[in-house]
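To start, the structure under review is shown below, and the notes come after it.
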Amino acid sequence: MNRLIEHLRSGLADRDGADATDGQLLEHYLARRDEAPFAALVRRHGPMVWGVCRRLLVHPQDAEDAFQATFLVLVRKAASVVPRSMVGNWLYGVAYQTAVKARAVAARRRARERQVTEMPERESAAADPWPDLQPVLDQELSGLPDRYRAVLVLCDIEGKTRKEAARQLAVPEGTVAGWLARSRAMLAKRLARRGVVLSGGSLAAVLVEYAAPATVPAAVVSSTIEAARHFAAGPVAAAAIPAPVVTLTEGVLKSMLLNKLKVVAIVVVAAAAVGTGLTGLAVRATAGEEPKQKSIPVVGPERGAKDAGGPDAELRQIKAELEKLRAEVDALKKQIRPTDAGSAPAGPVDAAPKLVTKVYPIKDLLGGRVDDEAPPIIRVITNIVEPTTWNVSGGFGSIEYFSVGQSLVVSQTAHVQEQVQTLMEALRKAVSENKASK
């Protein structure tokens, strides 16, 4: 009976979500895809997200679309929230990015409308004691490092105490106090560069006044939770989610993917460049070719100093840089893999997907390589683009390298092929930028 009562209490706590931390709610949602923990996150962080959308968007309907799109992105990318405790910080960043994109879409729409009819002028805003602050506050706040922005979002924007913030972030209360003081100083410095000079106390007051969470209309909260339920179930009917919300969500998801691919492409190109240099040194060493050096006789203790800066030291440095780059690639793969796994479309497990076969020439990405071995780009693709769908991981997709044509033959779904194509374009862009900079 005691066990039964304990189980019932935990079930009620899960449904309400008031006693659970953000990390616990997110883990529960990822494990079971239940609506209750997701709804708790919407109600908990909805006022902060709504505040960001209302500050950046003039029209309430645009703000409502951006609000819904922010939480639909969370449905698709929940696994990419790392660490799990920083859900509020992650949502703030996505809300800002979504609102900026929605503002650009609205500007283009209004420009088209002006060509058709004369638009009435908007009423002038009330006098503002800090007229230059409103446009730049969220922009500078979004540029802070995660841990510093996280405490500002929790304490100054969402109004939590330091004790509550420490519980959410799973750090000591003293650490929160230190981060909060540091984050306010950093934000004040960033604002000062934009011409807005505020002290630490004034900045806290401004954040309470200008960035305080707004009251979200109950209809917006309920419609967002309902839209998220449809979105999580897989392909949605046309009437289930408004078209502008779907378009905005897909645009933000694509931007997030492109940003990650760009970072990975830069690291991969850099690793390839270091690897090429390392290979060149190895070839010269095996061929017995001595690097050109000035023939200066060195004797005594000076010889060790000379060797320390010679080819061996250069080779060791290149190896160290290569290992560092490889570690960065591994870290990026760990971040990207759960995101892609979480974004796989829902559907019957035993359903046979429709595969499309495409050929991708990669001669320009091989850096002069002509051997028959599979190039590293295959591992990059299979570890970044939907990792669980490739045959090396028990999936249905395949990728093979043909050295004669220096091409990759990829058999995958159309959705995955699009991502492979995007990755290829990002790699080529990084290669061209790398060559142009030399």
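Counting heavy atoms from C-beta on, the side chains of Leu408 and Met424 come closer than 4.5 Å. In this structure, Val73 and Arg76 have side chains that are not in contact, with every pair of non-hydrogen atoms separated by 4.5 Å or more. At a threshold of 4.5 Å between non-hydrogen side-chain atoms, the residues Glu64 and Pro242 do not count as touching. The side-chain heavy atoms of Arg149 and Ser142, taken from C-beta on, include a pair separated by under 4.5 Å. Between Thr357 and Val410 the shortest side-chain heavy-atom distance does not fall below 4.5 Å. Between Trp90 and Asp146 there is no side-chain heavy-atom pair separated by less than 4.5 Å. Side-chain atoms of Val385 and Gln412, non-hydrogen and from C-beta on, never get closer than 4.5 Å to each other.
When each of Gln417, Gln421, His415 is paired with Gln419, the side-chain hydrogen bond (donor to acceptor under 3.5 Å, both in side chains) condition holds for His415 and for no other. For the salt bridge (Lys or Arg N to Asp or Glu O under 4.0 Å) with Asp62, the lone residue among Arg54, Arg103, Arg109 that qualifies is Arg109.
Side-chain atoms of Arg190 do not come within 3.5 Å of backbone N or O of Leu141 as any donor-acceptor pair. Remark: side-chain polar atoms of Gln168 are paired, donor with acceptor, to backbone N or O of Asp22 under 3.5 angstrom. Using modelled atom types, one side-chain atom of Asn383 and one backbone atom of Arg379 make a donor-acceptor pair closer than 3.5 Å.
To the nearest 0.5 angstrom, Tyr29 atom OH is 9.5 Å from Leu41 atom CG. One distance of note links OG of Ser255 with CD of Glu250; it measures 12.0 Å at 0.5 Å rounding. Note: Asp364 CG to Gln406 CD = 9.5 Å, rounded to the nearest 0.5 Å.
Nearest approach of Arg84 to Val81, heavy atoms of both residues: NH1-O, 2.7 Å. For the pair Phe67 and Cys53, the tightest heavy-atom approach, listed with the atom from each and the gap, is N-SG, 3.7 Å.
A salt bridge links Arg229 with Glu226: at least one charged nitrogen is closer than 4.0 Å to a carboxylate oxygen.
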